[in-house]
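One structure is given below, encoded as structure tokens.
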Amino acid sequence: QVQLVESGGGLVLPGDSLRLSCAASGRSFSSYTMGWFRQAPGKEREFVAAISWSGGMVYYLDSVKGRFTISRNNAKNTVYLQMDSLKPEDTAVYYCAASPGGLSASDFGSWGQGTQVTVSS
């Protein structure tokens, strides 16, 4: 397993940008599929984006396509989520997670503590 620590959340205005980072420790970071999930108050946790171990495959929630970009730097054991054109409905706690291969939430066995993103005027 890997240990994950997110950072970069905050309070921003609609239309602003944020970049979330997730630093991983432990072995074999580069072998994991990495994902971002979010959970808004009163709602279930939902998948936001994922990236394959090589970075060659990326996946997005439909509502964030064209606005969010997931990337990774295996040399730095870090995965990023660049969020542009933020909307109030993006407000949530964002979690980083690692999976040995699958993309289902149940495949992600390692989770960070979460970072709060609030989009409000």
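Given the structure is predicted, the values throughout are model-derived calculations rather than measurements.
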| task | Kindly write out the residues that satisfy side chain to side chain contact (heavy atoms under 4.5 Å, CB included) with Ala97, not counting sequence neighbours, or none if the list is empty. | result | Phe37, Phe108, Trp111
| Which pairs with one or both residues in residues 31-43 pass salt bridge (Lys or Arg N to Asp or Glu O under 4.0 Å), sequence neighbours excluded? | Arg38-Glu46, Arg38-Asp90
| message | If we ignore hydrogens and angles and just use 3.5 Å, is the side chain of Glu6 paired with the main-chain N or O of Gln113 as donor and acceptor? | response | yes
| query | Roughly how far apart are Arg67 CZ and Gln82 CD, rounded to 0.5 Å? | reply | 12.0 Å
| With the 4.5 Å side-chain cut-off for hydrophobic clustering, are Leu61 and Val119 part of the same group? | yes
| Value rounded to 0.5 Å, distance of OG in Ser21 from CZ in Arg72 | 14.0 Å
Solution key, residues 9-19 side-chain donor-acceptor pairs under 3.5 Å, sequence neighbours excluded:
residue, atom, partner, partner atom, Å
Asp16, OD2, Leu13, N, 3.1
Ser17, OG, Asp84, OD1, 2.7

| message | Is there a path of hydrophobic side-chain contacts, each under 4.5 Å between heavy atoms of I/L/V/M/F/W/Y residues, joining Phe68 to Tyr95? | response | no
| query | How many angstroms lie between atom NZ of Lys87 and atom OG of Ser63, to the nearest 0.5 angstrom? | reply | 7.5 Å
| Going only through I, L, V, M, F, W and Y residues with side-chain contacts under 4.5 Å, is there a path from Trp36 to Trp53? | no
| task | Answer yes or no: does atom CD of Glu44 have more than 12 heavy-atom neighbours from other residues, nucleotides or ligands under 6.0 Å? | result | no
| task | Would you name the heavy atoms of Val64 and Val48 that are closest together and state the gap between them? | result | CG2-O, 3.8 Å
| note | Sorted by chain and residue number, the side chain to side chain contact (heavy atoms under 4.5 Å, CB included) partners of Val58 (sequence neighbours excluded) come out as Ile51, Tyr60, Ile70
| field | Set of side chain to side chain contact (heavy atoms under 4.5 Å, CB included) partners for Ser52, sequence neighbours left out | value | Ser54, Met57
| note | Residues Leu4 and Ala98: closest non-hydrogen pair is CD1-N, 3.8 Å
| said: For Gly102, is there any backbone N or O sitting under 3.5 Å from a side-chain donor or acceptor partner on Ser99? | reply: yes
| Please, which pairs that meet disulfide (SG to SG under 2.5 Å) have at least one residue in residues 2-105, sequence neighbours excluded? | Cys22-Cys96
| Closest non-hydrogen atom pair, Ala24 against Phe29 | CB-CD1, 3.3 Å
| query | Is there a chain of hydrophobic side chains (I, L, V, M, F, W, Y, each step under 4.5 Å between heavy atoms) that links Met34 to Tyr80? | reply | no
| said: Please determine whether side-chain contact (heavy atoms from CB on, under 4.5 Å) holds for the pair Val117 and Leu20, giving the CA-CA distance in whole Å, both sets of side-chain angles, and the decisive distance to 0.1 Å. | reply: CA-CA 9 Å; Val117 172; Leu20 305 183; 4.0 Å; yes
| remark: Taking every heavy atom of Thr78 against every heavy atom of Lys76, the minimum-distance pair comes out as OG1-O, 2.8 Å
| query | Taking atom OG of Ser30 and atom CG of Asn77, what is their separation to the nearest 0.5 Å? | reply | 7.5 Å
